Amino acid sequence: MTLRIGNASGFYGDRFDAMREMLSGGELDVLTGDYLAELTMLILGRDRLKDPAAGYARTFLRQLEECLGLAHERSVKIVTNAGGLNPAGLADAVRALAGRLGIPVRVAHVEGDDLTAAHPGALAAHAYLGGFGIAECLTAGADIVVTGRVTDAALVTGPAAAHFGWSPTQYDRLAGAVVAGHVLECGTQATGGNYSFFAEGDVRRPGFPLAEIHEDGSCVVTKHPGTGGFVDVGTVTAQLLYETGGARYAGPDVTARLDTVRLSQDGPDRVRIEGVRGEAPPPTLKVGLNKLGGFRNEVTFVLTGLDVEAKAALVREQLGDALAKSPPADVRWELVRTDRPDADTEETASALLRLVVRDPDQAVVGRALSGAAIELALASYPGFHVVAPPGKGAPYGVFEDVYVAQAAVGHTAVLPDGTRLSVIPAQDTRELDAVPAPPLPEPLPAGPTRRAPLGLVAGARSGDKGGNANVGVWARTDEAWRWLAHELTADRFRELLPESGGLTVVRHLLPSLRALNFVVEGILGEGVASQARFDPQAKALGEWLRSRHLDIPEALL
């Protein structure tokens, strides 16, 4: 007995046509849509300030208007976290839509994640719920289940638990579904999107992924026939490492052991995932706090031709004097040397000097900065111009995670008939601790080396979790793994990425995936919404690492 679960959204703003593509492209039992991220919760929180009836992903409703009849005709259940901060509001809107279209559907929703009232000063505070509220809704006959903040994997664990009748303590099965859900949650990242070795297939329009889940928790990740992209052990490995940390991947229902995952190619565009072990979940739930941090403004000066360093020093000194009259709380300068000597275009002869300021007072970063910057137009370095004039200053958000007892959260399934069912929190729990480091593989024998980019022998994928970033690095062969595990230590990581030099870098080994996972603490400041660095979500941190040169054994090249 197999349950086919597909994904049609990896974020709020993903491909609009994906829902129709997934419903019409092949067989499915359940279609999921993940619309929430840390930044999305902040955006929805600001929407709700303007309109208390808002707070959900409106794109989902527009997609459903085109596809509800198709889903009903094909008997495909839809499970989505598009409810955001207002799952009850979205559920009502879906019922109204179905009524206008004349399509009989049973709609349920999950709530209880909203803890904003308990966290004064937060724009949105939401606990990450598990999948058993979704399971209760589906068991009660729901065709569409709308949730607020649940873990991304819960969109898969809930339908699987309902379909197979899993109990809350069948940890290995649940852990297998968590891994499947983690692979699916970011959509086309599992089918060649954002993939280090993207040139190995046609990824111009990757198809969305689906998982064929079995009763024992194992699965096969694949995609609909004829869709773009590709699914292989590498694409699945990359997504498994995305936004994770150590061997224990904790969630509200189960802690999945990533060090037990076994991957194998099961045919073209088919990867089998098996062997996943699970443990009791932690006694606490993560709560994401989104707050307004203040106001932010920026201006990017273009420095062309000769004397780039001197030009940068001049404008810094000039603006420094202006800003000293009412100094912002945070001032950051960054000189990006995109220029080349003797360049044959003006653009390639130019460097960028970026100024970012932050302050609780909008006036300090608004007119004060824009006026000072524009007044330099005829009074600064030769060739003065900016990428765009500075604005009046925009609000920015900060993210923080805290933890509360599972029993402190009122996880509730609101069934299609309106019955409210309390979801019992996990009864057996286990404090989360680190897995002892596994033994290193035998090192490669000594031999000649060549200075070359790391990316010739390893893939990488990176992402954000609050203020931290993770960089997953994996080898494609056993021999490359033997070298990588010894060569790429935390200290070598810091050498290759100097930005991490003064930060805590924790290395985790996952030998069954031939992978290392690095967690860089604090590199993203107060989270993506604070835009503390050039790449605020650390999406390209892994590709930067792959571009760095090391002495690599010639036998691997």
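All heavy atoms count here, side chains included; hydrogens, waters and symmetry mates do not. Fair warning: this is a prediction, and the values are worked out from it, not measured in the lab.
Taking each heavy atom of D535 and A540 in turn, the nearest pair found is OD2-N, 2.8 Å. When all heavy atoms of W166 and A160 are compared, the closest pair comes out as CZ3-CB, 3.5 Å. Here the closest non-hydrogen pair linking A426 and P281 is CB-CG, 3.7 Å. Taking each heavy atom of V299 and A388 in turn, the nearest pair found is CG2-O, 4.3 Å. Contact detail for V409 and G112: the closest heavy-atom pair is CG1-O, 3.3 Å.
In this structure a side-chain-to-backbone donor-acceptor pair under 3.5 Å is missing from T191 to P206.
Annotation: side chain of Q239 is in contact with side chain of E185 (closest heavy-atom distance under 4.5 Å). The shortest side-chain heavy-atom distance between Y249 and T255 does not fall under the 4.5 Å cut-off. A 4.5 Å side-chain heavy-atom check between F60 and I78 finds at least one atom pair inside the cut-off. Residues K223 and P209 are not in side-chain contact: their nearest non-hydrogen atoms beyond the backbone lie 4.5 Å or more apart. Within the 4.5 Å cutoff, the side chain of V404 has heavy atoms near those of the L115 side chain. Side-chain contact between D428 and T169: present, with at least one pair of heavy atoms (C-beta onward) separated by less than 4.5 Å. In this structure, the side chains of R15 and T188 come closer than 4.5 Å at one or more pairs of heavy atoms. Side-chain contact between N517 and N470 is present, with heavy atoms from C-beta onward closer than 4.5 Å.
Because its NZ or CZ atom is both nearer than 6.0 Å to the ring centre of Y128 and within 45° of the ring axis, K286 counts as a cation-pi partner of that residue.
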* **Residues V183, V221; criterion side chain to side chain contact (heavy atoms under 4.5 Å, CB included); working and verdict** => CA-CA 8 Å; V183 173; V221 176; 4.0 Å; yes
* To do: May I have the step-by-step check of salt bridge (charged side-chain N to carboxylate O under 4.0 Å, His left out) for E526 and K291, ending in yes or no?
  => CA-CA 10 Å; E526 295 177 293; K291 304 177 181 179; over 6 Å; no
* From CA spacing to verdict: side chain to side chain contact (heavy atoms under 4.5 Å, CB included), L524, N468 -> CA-CA 6 Å; L524 302 181; N468 300 338; over 6 Å; no
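Residues N81 and D34 bring a donor and an acceptor atom of their side chains to less than 3.5 Å of each other.
Rounding to the nearest 0.5 Å places CG of L415 at 5.5 Å from CG of D417.
Note on D361 versus R358: no salt bridge recorded, every NZ/NE/NH1/NH2 to OD/OE distance being 4.0 Å or above. Here R248 pairs with D433 in a salt bridge; the nearest charged N to carboxylate O distance falls below 4.0 Å. Under a 4.0 Å N-O distance rule, the pair R461/E543 does not qualify as a salt bridge. Contact check on R296 versus E298 returns a salt bridge, with a Lys/Arg side-chain nitrogen under 4.0 Å from an Asp/Glu carboxylate oxygen. For the pair E21 and R205, the salt-bridge criterion is met [side-chain N within less than 4.0 Å of a carboxylate O]. No salt bridge links D17 with R62; every basic N to acidic carboxylate O contact stays at or beyond 4.0 Å.
Shown here is R354, whose CZ atom has more than 12 heavy atoms of other residues, nucleotides or ligands within 6.0 Å. The environment of CZ in R4 is crowded: more than 12 heavy-atom neighbours from other residues, nucleotides or ligands sit within 6.0 Å.
By the 30° and 60° cut-offs, the orientation of the rings of F518 relative to F493 is parallel. Using the six-membered ring where Trp is involved, W474 and Y195 have ring planes that are parallel, under 30° apart on the 30 and 60° scheme.
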